[in-house]
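Per chain, numbering begins at 1; letters A, B, ... match sequence-line order.
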Protein chains: 2
Amino acid sequence: MAKKPVAREDALPAIAEVFREYGYEGASLALIGARTGLGKGSLYHAFPNGKAEMAEAVLDAIGGWFEDKVYAPLRDDPDPRAAIRLMLSETDAYFRSGRRICLVGAFALTEGRDGFADRIAGYFRDWRAALAQALLRAGRPAAEADSLAEDAVLTIQGGLVLARALADPAVFGRMLGRLEGRLVSV
Amino acid sequence: MAKKPVAREDALPAIAEVFREYGYEGASLALIGARTGLGKGSLYHAFPNGKAEMAEAVLDAIGGWFEDKVYAPLRDDPDPRAAIRLMLSETDAYFRSGRRICLVGAFALTEGRDGFADRIAGYFRDWRAALAQALLRAGRPAAEADSLAEDAVLTIQGGLVLARALADPAVFGRMLGRLEGRLVSV
DNA sequence: TATATTCTGTACCGATCGGTACAAACAAGC
DNA sequence: GCTTGTTTGTACCGATCGGTACAGAATATA
């Protein structure tokens, strides 16, 4: 009884990967079933609202991961510079040094008429706010902190787009290097 | 006779807009037909290879537009600083100050297994190369010119992603302002 | 006008889409 | 054992997908 949540959590990474590779429209239930090893019966048992609920769960999982691993340290770490450096290294690891794209960013560019818009906006808003707060605590003037934070969040997304477009993950690494120079005084 | 090219060119902007809004998978022929006012007969007469050919034509048209309006001046204008400023203003106009996304960037994030990869890579490679050349001519050291050019191209893409994700076009304008400061010494 | 060619609307194709129904398989409690 | 409830595979649904066939409308050459 009540093993539903377990099956959900177990399947989420595979589902996320399918969305990442094929986009929301392109990720068919057949594909999701094949990659998770779950039949339609199991899939609809774990996600009664179907594909939309799977996407919501994936976005929530991603948001939760970043909240725990990145935003919270940015907000709470007594050493804001260390938290910023942690953000950069966690970002590098999460996006596999540019070999993996940002699902939230990809959804932002295509989806928009769905109920995903709030989650997508929240993901980026939280990131920007947490980083701005860390920069402020690191001694930057408020306006500069806001500006730098927005620039950093957008730069990371751009790095993912360009790395993917050029099929050259090194683009991402170079971008992170420049970003570190801008965020933490070297 | 031979009015095919005309019909093609006329339909391209509408087709591009559908791809921009719905993505490659999401852009159905029914939708494209409705937005262009063309039936399937006309559509397949102008684009015998169907949707894939439409997407290729759209990407080629976009690439051609940027080549003429942005890359060529970047390469040939005797005043490289003026060419860079022109790039920024043309970019702002083309992307409607952040209200329009970059179709090439959006395709880069989802598509990748198709024949579009070369066109997508070419679009960004040409932009980066033309800008690096202008920066070099403006007196920057070669390494710095390359780095700045890559940063600029990726930053613009990131600005489009974030503006869309937050449903806040102002993000794009702020990003262009910062970019101008980095590219042309104020 | 007659004729050749280009264009286009409509009907249709098989495949696949997301989603549902449901019965067999399974597990837990007793 | 039996019973109760959960989990799953499979068959199926109508809708829509991209694409094709083709006849008739339009257009151009003469």
> Between A:Phe116 and A:Thr110, does a side-chain contact (heavy atoms from CB on, under 4.5 Å) hold up when you go through it step by step?
Replying inline: CA-CA 11 Å; A:Phe116 306 150; A:Thr110 50; over 6 Å; no

> Would one find a side-chain N or O of A:His45 under 4.0 angstrom from OP1 or OP2 of D:dT7?
Replying inline: yes

> Should the pair A:Tyr123 and A:Phe66 be assigned to parallel (<30°), tilted (30 to 60°) or perpendicular (>60°) ring geometry?
Replying inline: perpendicular

> Just one of B:Leu183, B:Leu176, B:Val184 clears the side chain to side chain contact (heavy atoms under 4.5 Å, CB included) bar with B:Glu180, so which one?
Replying inline: B:Val184

>> Looking at every non-hydrogen atom in both residues, tell me the closest pair between A:Lys51 and A:Glu25 and how far apart they are.
In response: NZ-O, 3.5 Å

>> Ignoring hydrogens, what is the shortest heavy-atom contact between B:Pro73 and B:Glu67? Give both atom names and the distance.
In response: CD-O, 4.3 Å

> Atom CG of A:Leu38 and atom P of C:dA25: how far apart are they, to the nearest Å?
Replying inline: 19 Å

>> What is the separation between atom CG on B:Asp10 and atom P on C:dC7, rounded to the nearest whole Å?
In response: 13 Å

Identify the pairs formed between an N or O of the protein and an N or O of nucleotides 18-21 of chain C at a distance under 3.5 Å, and give each distance.
unit_1 : atom_1 : unit_2  : atom_2 : d
C:dG18 : OP1    : A:Ala27 : O      : 3.3
C:dG18 : OP1    : A:Lys51 : NZ     : 2.7
C:dG18 : OP2    : A:Leu29 : N      : 2.8
C:dG19 : OP2    : A:Tyr44 : OH     : 2.7
C:dG19 : OP2    : A:Lys51 : N      : 3.2
C:dG19 : O5'    : A:Tyr44 : OH     : 3.1
C:dG19 : N7     : A:Lys40 : NZ     : 2.9
C:dG19 : O6     : A:Lys40 : NZ     : 2.1

> What are the residues of residues 53-61 of chain A, sorted by number, that bring a heavy atom to within less than 4.0 Å of DNA chain C?
Replying inline: none

>> Taking CZ in A:Arg20 as the centre, count heavy atoms belonging to other residues, nucleotides or ligands within less than 6.0 Å. Is the count above 12?
In response: yes

> With under 30° as parallel and over 60° as perpendicular, where do the rings of A:Trp127 and A:Tyr71 fit, or are they tilted in between?
Replying inline: tilted

>> Using every non-hydrogen atom in the two residues, find where A:Leu29 and A:Leu43 come nearest and quote the distance to one decimal.
In response: O-CD2, 4.5 Å

